[in-house]
Protein chains: 2
Amino acid sequence: MPTLTAAQRREQARVEYDAFIKGCPTNQLLDRLSDKWVSLVVAALSNGPMRYSDLSRKIAGVSPKMLTQTLRALERDGILTRTVTPSVPVRVDYALTPLGSSLAGLLTAVKAWAETHIEEVHEARERYDGTPG
Amino acid sequence: MPTLTAAQRREQARVEYDAFIKGCPTNQLLDRLSDKWVSLVVAALSNGPMRYSDLSRKIAGVSPKMLTQTLRALERDGILTRTVTPSVPVRVDYALTPLGSSLAGLLTAVKAWAETHIEEVHEARERYDGTPG
DNA sequence: AAGAGCTACTATCCATTGGTAAGTAGTTAC
DNA sequence: GTAACTACTTACCAATGGATAGTAGCTCTT
């Protein structure tokens with residue numbers, strides 16, 4: 001019988017770990033999450049499960065190597081599930097786990113921020129590049 | 001006299017751009033934001049301005065090269081400001097702009113997610129690695 | 001029945017990136 | 001005079017990431 005609820009244990013974990021510290025496991029996890037392909041894969045799956053070929057079409061520019069690598073890493077981390085249907089040809093579906101869904105909201109927010117504020121960033125770059133010195 | 005408010009223009013921008021598409025400027029911006037050092041620098045500055053040496057102490061493990069590189073890129077993108085005080089020795093302060101502050105909430109949320117859910121990720125990894133085949 | 005095409009990858013090569021470590025400049029404290 | 005503080009810059013090398021090509025098993029076309 002646990003003395004703490006799951007929520008309490010998570011809160012305690014957040015206090016004990018500090019992603020600012022090198023070597024802290026959360027530092028490595030943040031590194032994993034801070035990846036363009038991770039953001040795009042998780043954002044793509046937030047609307048529902050997708051097949052490998054669907055993902056490679058949706059995420060324009062991802063190579064099969066990086067897509068597989070990203071999917072395997074996220075599967076290992078419990079963020080998504082990989083389901084093989086032995087039809088002909090074989091069919092592989094990827095879907096977010098509840099853990100993955102809790103992350104998806106955050107990563108899609110970052111993606112949406114980029115899409116919303118890109119013009120402001122462009123203006124800032126022009127100001128910066130135009131400044132002599 | 002603009003026919004659209006700033007908020008309307010931002011919303012339109014979000015619809016016109018799609019970070020899933022390679023070559024789209026937002027795809028490159030997402031790549032920039034999806035960086036461990038960017039997350040940590042922006043999270044560190046979300047509590048107020050910091051000096052270069054403060055940041056390098058707070059963000060354990062960052063090399064001067066990567067810290068300067070990250071700070072310069074974020075300054076160019078209008079996410080933070082760099083203020084030199086010609087004291088002796090010289091003092092350089094970094095602070096988030098309003099644009100940077102709007103991003104900070106999102107990136108600190110991702111950092112907090114990593115700190116909160118690290119144990120679940122570890123358990124998932126053990127399950128995955130323990131599974132034969 | 002020969003060849004193209006579909007699926008989901010795997011493998012190889014090379015340019016770019018990122019990390020490590022050392023160097024720089026200007027001043028001050030000991 | 002030399003060690004220390006500030007905020008960097010530079011050089012080097014290993015690792016990562018991206019482009020491209022190959023694989024396996026089956027089906028559909030001609």
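Quick caveat, the model's predicted, so the values are computed rather than measured. Letters A, B, ... mirror the listed sequences (proteins, then strands); counts begin at 1.
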Judged by atom type as modelled, is there a donor-acceptor pair below 3.5 Å linking the side chain of A/T26 to the main-chain atoms of A/L29? no
Got a donor-acceptor contact below 3.5 angstrom from the B/T85 side chain to the B/S87 backbone? no
Between atom CD in B/Q69 and atom C1' in C/dG18, what is the gap in whole Å? 8 Å
Any salt bridge (Lys or Arg N to Asp or Glu O under 4.0 Å) involving residues 36-49 of chain A? Give me the pairs, sequence neighbours left out, ordered by first then second residue. none
Tell me which residues in residues 81-90 of chain B put a heavy atom below 4.0 Å from DNA chain D, sorted by number, or none. B/R82, B/P89, B/V90
In residues 50-67 of chain B, what residues come within less than 4.0 Å of DNA chain D, judged by heavy atoms? B/R51, B/Y52, B/S53, B/P64, B/K65
May I ask you to test the B/L55-B/L45 pair for a side-chain heavy-atom distance under 4.5 Å? yes
Is the side chain of B/Y17 donor-acceptor paired with the backbone N or O of A/H117 at a distance under 3.5 Å, no angle test? no
Output the residues of residues 36-49 of chain B in contact with DNA chain C, where contact means a heavy atom of the residue under 4.0 Å from an atom of the strand; sort by number or write none. B/W37
Give the C-alpha distance, both sets of side-chain angles, the deciding distance and a yes or no for side-chain contact (heavy atoms from CB on, under 4.5 Å) between A/L74 and A/V42. CA-CA 9 Å; A/L74 292 176; A/V42 172; 4.1 Å; yes
With rounding to the nearest 0.5 angstrom, report the CD1 to NE2 distance, B/I118 to B/H122. 3.5 Å
In the 5' to 3' direction, the nucleotides of DNA chain D bounding the stretch that comes under 4.0 Å of a heavy atom in chain B are D/dT6 to D/dA19
Between A/Y128 (side chain only) and A/E123 (backbone N and O only), is there a donor and an acceptor less than 3.5 Å apart? no
Any side-chain N or O of A/R72 less than 4.0 Å from the OP1 or OP2 oxygen of C/dT10? yes
Can you tell me if the side-chain N/O atoms of A/Y94 get under 4.0 Å from OP1 or OP2 in C/dA8? no
Using heavy-atom distances to pick each residue's nearest nucleotide on DNA chain C, tell me which of A/V92 and A/K22 is more 5'. A/V92
Result block: side-chain N/O donor-acceptor pairs under 3.5 angstrom for residues 90-97 of chain A, not counting sequence neighbours:
{"unit_1": "A/R91", "atom_1": "NE", "unit_2": "A/D93", "atom_2": "OD2", "d": "2.9"}
{"unit_1": "A/Y94", "atom_1": "OH", "unit_2": "A/R82", "atom_2": "NE", "d": "3.2"}
{"unit_1": "A/T97", "atom_1": "OG1", "unit_2": "A/G78", "atom_2": "O", "d": "2.6"}
{"unit_1": "A/T97", "atom_1": "OG1", "unit_2": "A/I79", "atom_2": "O", "d": "3.2"}
{"unit_1": "A/T97", "atom_1": "OG1", "unit_2": "A/L99", "atom_2": "N", "d": "3.4"}
{"unit_1": "A/T97", "atom_1": "OG1", "unit_2": "A/G100", "atom_2": "N", "d": "3.0"}

Could you tell me whether the side chain of B/R76 reaches within less than 4.5 Å of the side chain of B/R72, counting heavy atoms only? no
Taking B/S56 for the side chain and B/S53 for the main chain, is one N or O donor matched with an acceptor at less than 3.5 Å? yes
Do A/N27 and B/L40 have side-chain heavy atoms sitting under 4.5 Å apart? yes
Between A/T108 and A/G105 (side chain of the first, backbone of the second, donor and acceptor by atom type, cut-off under 3.5 Å), is there such a pair? yes
